[in-house]
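A short write-up of the structure that comes next.
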Amino acid sequence: MPLIFHWGGPRHGEVDDVAAEELSSSVLVYSGPQWYGVYERFQPVQLRDTPDGPAEVWVVRE
């Protein structure tokens, strides 16, 4: 599973495993009991080193 690094918003700095099929869109939408958020792929694509390995940067969409 690809790793996503969140930049901004309620998940800033968090890293998540995301199923590859969820990345077919340029937008990730999270909803849950504690937070909501919409993130989009940073352009140009950037990778950030994390303790879990390289993660693609996605930024909060406001």
Side-chain angles (χ1 to χ4, degrees):
M1 281 195 198
L3 289 175
I4 300 298
F5 179 87
H6 298 86
W7 188 266
R11 299 180 59 80
H12 180 75
E14 293 182 19
V15 176
D16 284 322
D17 289 321
V18 178
E21 56 270 7
E22 290 182 41
L23 300 180
S24 62
S25 170
S26 62
V27 177
L28 292 172
V29 179
Y30 293 97
S31 62
Q34 297 177 2
W35 47 265
Y36 294 89
V38 177
Y39 288 82
E40 59 190 350
R41 182 174 269 133
F42 186 83
Q43 294 296 330
V45 173
Q46 289 189 10
L47 293 177
R48 175 172 234 127
D49 289 328
T50 73
D52 298 322
E56 186 178 341
V57 177
W58 285 60
V59 295
V60 70
R61 184 174 179 177
E62 295 183 18

Joint cluster assignment, Ile4 & Val60, ILVMFWY side-chain distance < 4.5 Å: yes
Closest approach of Leu3 to Gly53 (non-hydrogen atoms, all atoms of both residues): CD1-O, 3.9 Å
Side chains of Val15 and Arg48 in contact at under 4.5 Å (non-hydrogen atoms): no
Over all atoms of both residues, closest heavy-atom pair of Glu22 and Leu28: O-CD2, 3.6 Å
Minimum heavy-atom distance Trp58-Ser26, with the two atoms named: CZ3-O, 3.3 Å
Rounded distance [0.5 Å steps], CZ in Phe5 versus NE2 in His12: 5.5 Å
Nearest atoms (heavy-atom pairs only) where Pro2 meets Ala20: CD-N, 3.9 Å
Flag, side chain of Tyr39 to backbone of Gly8, donor-acceptor distance under 3.5 Å: yes
